[in-house]
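Chain naming here is simple, since letters A, B, ... match the order of the sequence lines and numbering starts at 1 in each.
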Amino acid sequence: MEIRTRIAPSPTGKLHLGTARTALFNFLFTRKNGGKFIFRIEDTDVERSKKSFETDMFEGLDWLGVNWNEPKNKEVYRQSERLDLYQKYFKELQKSGFVYECFCTPAELAQERKQMQQAGQIPQYSGHCKDLSEDEKTELRKTKKSAWRLDVKKIAQLKNLPQILKFKDLVHGEIKKNINEIGDFVIIKSDGASIFFFAGVVDDAEMKISHVIRGEDHISNTFSQLILFKALDLPVPQFAHIPLILEKDRSKMSKRKGGHSRIFDLRLAGYLPQGLLNFMALLGWSPKDDREFLSLSEIIESFDLKGIKKSASIFDDDKLNYLNGLWIRHLDDEELLNQFLGWVEWLKQHGEDYSRFSEADKEYLLKCIAICKTRMATLRDFLAADYLLVDPKVDPHLLVFRKSSPEATKNGLEKIKLALENYQGDWEVEPIFNLLSEIVEKKHLANGDVFWPMRVALSGKEGSPSPQELAWVLGQSETIKRIDQAISLL
RNA sequence: GCCGCUAUCGUCUAAUGGCUAGGACGCCACCCUCUCACGGUGGUAAUUGGGGUUCGAAUCCCCAUAGCGGUACCA
């Protein structure tokens with residue numbers, strides 16, 4: 001049988017980290033084993049679904065490189081466009097007598113649940129409307145709209161379902177539940193829309209999904225869906241419930257908490273798709289050896305559902321930063337710069353303008369990024385290197401190294417200036433460094449009165465690349481100009 | 001409350017009955033060094049508790065505890 005997986009988010013918020021990781025695992029599984037990965041939007045809840053969230057999800061997954069095979073051309077399936085299909089299956093359930101109308105109001109249902117809970121029972125629907133007569137129903141229809149519930153007992157009887165429902169989860173092993181604990185749940189709301197249990201089951205069957213890989217918050221739903229599959233005589237897919245990603249305080253990652261729970265925010269923060277992908281893959285999965293720095297193809301190569309951990313994991317910014325920094329250093333300068341410029345372009349669409357960078361000379365930026373990359377954890381860190389593009393603001397106090405004096409500093413800078421003005425050799429990092437060392441040696445100066453003030457004169461920063469690297473990027477005349485400006489401050 | 005899932009350093013994880021419980025992040029120290037980084041070396045730190053099974057348990061079983069999830073005419 002062909003392997004077919006899917007990601008089926010509802011567009012009620014921006015692409016969530018958890019959803020993206022679920023998508024990634026589905027994608028990895030299909031890529032590893034050969035198959036098709038399908039994107040389906042579950043927008044049956046018209047009230048909360050928004051087109052803009054859909055767009056955010058496409059863009060997010062596309063950016064990560066988690067591509068789907070169906071539908072083609074980056075289209076998606078939408079449940080809102082498949083309503084006829086659900087109708088068809090619903091009619092089938094009606095014909096079998098597996099559904100009944102329910103006229104109970106939300107208030108009545110809540111009251112019922114509360115009572116059962118207080119009695120220490122499992123809160124489930126009492127079956128209040130199950131045995132209404134035709135006359136009663138006709139009467140009720142005059143004033144009320146009805147929802148449709150599944151008659152679980154009847155299905156169990158007619159389809160010979162066991163008392164203990166079970167399924168073999170590919171991550172957790174066998175999971176069981178007593179069928180008595182499942183009440184008659186609603187599959188069609190009173191407004192006529194199908195709810196997710198139902199539409200999802202129909203779609204998974206119609207799309208011939210072989211493996212349902214999803215968050216473990218769906219474990220309890222699985223039993224309801226199992227009943228639905230049986231009621232409709234549809235083939236049951238395999239299930240794999242992957243552990244959740246938790247906040248630092250162990251609570252479920254929520255859309256409201258901000259921080260790094262949304263892919264959009266992580267992209268905004270300047271993470272590389274490679275770094276984020278690497279990090280996400282390692283949340284709940286490992287290649288079973290000591291490798292951690294992994295490319296997508298390496299992850300695909302080692303991926304196995306059996307290697308997925310059962311327990312939830314906590315999102316750790318430190319590790320993400322580390323991995324992302326590793327990727328930044330690993331990419332060659334040109335690739336890194338291209339990613340950076342693409343990101344700046346993207347930022348502009350979202351209200352942040354750094355045209356200073358997008359308009360700068362590319363060859364020049366290439367040098368800048370080369371000397372800055374060991375100091376970057378995210379692309380955003382490169383934004384702080386704008387002193388390479390405009391004159392820095394230099395604090396005169398910062399020019400003086402530790403316990404040195406303004407006089408010694410000024411002396412050092414003047415010696416450098418003189419040497420640079422007379423310098424005629426190659427303008428490369430190594431010779432510039434040699435020149436500075438020579439000054440220290442011949443003029444009997446301290447390193448701190450040469451390297452430090454020159455570096456601050458060029459960058460204005462307490463921490464930055466070395467003076468020889470900065471000088472190399474800035475060029476001879478700009479370097480001399482900035483040193484001269486610093487001297488005038490002392 | 002009820003049902004389900006889970007439990008290894010602070011965090012991500014390895015070790016599916018057998019070396020001193022391994023690696024990574026973080027943190028600390030040292031080296032490199034004008035600085036901040038990068039890099040290198042070393043250190044810190046864990047099997048939730050209690051019972052079993054076994055020659056032997058992080059690993060299997062039971063109980064407790066804790067965390068998470070579900071308990072909707074949300075998905």
Set of side chain to side chain contact (heavy atoms under 4.5 Å, CB included) partners for A/Lys288, sequence neighbours left out: A/Ser286

So A/Leu320, base contact, sugar-phosphate only, or nothing? Heavy-atom distance under 4.0 Å. nothing

Do any side-chain nitrogens or oxygens of A/Arg113 fall under 4.0 Å of OP1 or OP2 in B/A72? yes

Residue pair A/Gln225 / A/Thr222, side-chain donor-acceptor N/O under 3.5 Å: no

Which class fits the ring pair A/Phe401 and A/Trp452: parallel under 30°, tilted 30 to 60°, perpendicular over 60°? tilted

Just call it for A/Glu42: base, sugar-phosphate, or nothing, with non-hydrogen atoms closer than 4.0 Å on any strand. sugar-phosphate

Distance, rounded to the nearest Å, where A/Phe196 contributes CZ and B/G70 contributes P: 11 Å

So, with a heavy-atom separation below 4.0 Å from RNA chain B, the residues of residues 456-463 of chain A are A/Glu462, A/Gly463

From the options B/A75, B/C73, B/C25, select the nucleotide whose nearest atom is closest to the side chain of A/Asp318. B/C25

Measuring only the P atom in each nucleotide, how far is B/G17 from B/A58? A whole number of Å is fine. 13 Å

Which of these nucleotides, B/C73, B/A75, B/U35, is closest to any side-chain atom of A/Asn221? B/A75

Qualifying residues under side chain to side chain contact (heavy atoms under 4.5 Å, CB included), relative to A/Val394, sequence neighbours excluded: A/Pro392, A/Leu399, A/Val456, A/Leu489

Per the side-chain hydrogen bond (donor to acceptor under 3.5 Å, both in side chains) rule, what does the pair list look like for residues 311-322 of chain A, sequence neighbours excluded? A/Lys248-A/Asp317, A/His260-A/Asp317, A/Tyr271-A/Asn321, A/Glu292-A/Lys319, A/Lys309-A/Ser311

Closest of B/C3, B/C36, B/C25 to the A/Lys319 side chain is B/C25

Distance, rounded to the nearest Å, where A/Phe433 contributes CZ and B/U35 contributes P: 12 Å

Tell me whether A/Arg82 forms a cation-pi arrangement with A/Tyr77, defined as NZ or CZ under 6.0 Å from the six-membered ring centre and within 45 degrees of its axis. yes

From CG of A/Asp317 over to P of B/G26, roughly how many Å is that when rounded to an integer? 12 Å

Can you confirm if the NZ or CZ of A/Arg6 lies within 45° of the ring axis of A/Phe39 and under 6.0 Å from the centre of its six-membered ring? no

Counting any heavy atom closer than 4.0 Å, what does A/His241 reach on the DNA or RNA strands: base, sugar-phosphate only, or nothing? nothing

Is any side-chain nitrogen or oxygen of A/Thr44 closer than 4.0 Å to OP1 or OP2 of B/A75? yes

Quick one: does NZ or CZ of A/Arg21 land under 6.0 Å from the six-membered ring centre of A/Phe25, within 45 degrees of the ring axis? yes

Whole-Å gap separating P (B/A72) and CD1 (A/Ile188): 19 Å

Shortest non-hydrogen contact from A/Pro465 toward A/Leu470: O-CD1, 3.6 Å

Per the atom types in the model, does the base of B/G23 pair as donor or acceptor with the side chain of A/Glu292 at under 3.5 Å? yes

More than 12 non-hydrogen atoms from neighbouring residues, nucleotides or ligands closer than 6.0 Å to NZ on A/Lys144, yes or no? yes

So, is A/His172 near the phosphate of B/U6, with a side-chain N or O under 4.0 Å from OP1 or OP2? yes

Does A/Lys309 reach a base, just sugar-phosphate, or nothing at all? Heavy atoms under 4.0 Å. sugar-phosphate

Pairwise side-chain contact, A/Leu228 with A/Val202, heavy-atom cut-off 4.5 Å (strictly under): no

If the glycosidic angle is within 90 degrees of 0 it's syn, otherwise anti, so just tell me which one B/C38 is. syn

Using the P atom on both, measure B/G43 against B/G50 and round to a whole Å. 30 Å

Of all the nucleotides listed (B/C34, B/A75, B/G1), which has the minimum atom distance to the side chain of A/Pro123? B/G1

Whichever of A/Asp290 and A/Cys104 has the more 5' nearest nucleotide on RNA chain B, that residue is A/Asp290

Are A/Phe197 and A/His218, when compared by the centres of their aromatic rings, separated by less than 6.0 Å? no

Taking B/G52 as the reference, what is the distance to B/A57 when you measure between their P atoms (whole Å, please)? 12 Å

Measure CG/A/Asn321 against C1'/B/A37 and give the value in whole Å, please. 14 Å

Residue-level proximity of residues 322-333 of chain A to RNA chain B when a heavy atom falls under 4.0 Å: A/Tyr322, A/Arg329

Under 4.0 Å, heavy atoms only, any strand: does A/Glu216 hit a base, just the sugar-phosphate, or nothing? sugar-phosphate

So what does A/Pro467 hit on the nucleic acid, given a heavy-atom distance under 4.0 Å: a base, only sugar-phosphate, or nothing? base

Please confirm whether A/Lys14 makes a cation-pi placement over A/Phe264, using NZ or CZ under 6.0 Å from the six-membered ring centre and within 45° of the ring normal. yes

Does A/Arg149 have a side-chain nitrogen or oxygen under 4.0 Å from the phosphate oxygens OP1 or OP2 of B/C73? yes

Given B/G69, B/C74, B/C34, the nucleotide with the shortest approach to the side chain of A/Leu244: B/G69

More than 12 heavy atoms of other residues, nucleotides or ligands under 6.0 Å from NZ of A/Lys130: yes or no? yes

Closest nucleotide among B/C74, B/A37, B/U35 to the A/Thr374 side chain: B/A37

Hey, is the side chain of A/Lys288 poking within less than 4.0 Å of OP1 or OP2 on B/A14, counting only N and O atoms? yes

Does any residue of residues 402-412 of chain A have a heavy atom under 4.0 Å from RNA chain B, and if so, which ones, in number order? A/Arg402

When you compare B/U16 with B/G70, how far apart are their P atoms, in angstrom units rounded to a whole number? 33 Å

Please give the distance between the C1' atoms of B/U13 and B/U53 as a whole number of Å. 29 Å

Would you say A/Ser286 reaches B/C12's phosphate, i.e. side-chain N/O to OP1/OP2 under 4.0 Å? no

Would you indicate which nucleotide in B/C12, B/C73, B/C34 comes nearest to any side-chain atom of A/Ser466? B/C34

Of the listed B/G69, B/U35, B/C74, the closest approach to the A/Asp217 side chain comes from B/G69

Measure CD/A/Gln468 against C1'/B/A37 and give the value in whole Å, please. 14 Å

Pick the nucleotide of RNA chain B nearest each of A/Ile219 and A/Gly284; which residue has the one closer to the 5' end? A/Ile219

Distance, rounded to the nearest Å, where A/Asp289 contributes CG and B/A24 contributes C1': 12 Å

Under 4.0 Å between any heavy atoms, over every strand shown, what does A/Ser190 touch: base, sugar-phosphate, or nothing? Just pick one. base

Would you say CD of A/Glu298 has more than 12 non-hydrogen atoms from neighbouring residues, nucleotides or ligands within 6.0 angstrom? yes

Which atom of A/Phe37 lies closest to which atom of A/Ala23, heavy atoms considered: CZ-O, 3.7 Å

Would you mind reading off the distance between A/Glu469 atom CD and B/A37 atom P, rounded to a whole angstrom? 15 Å

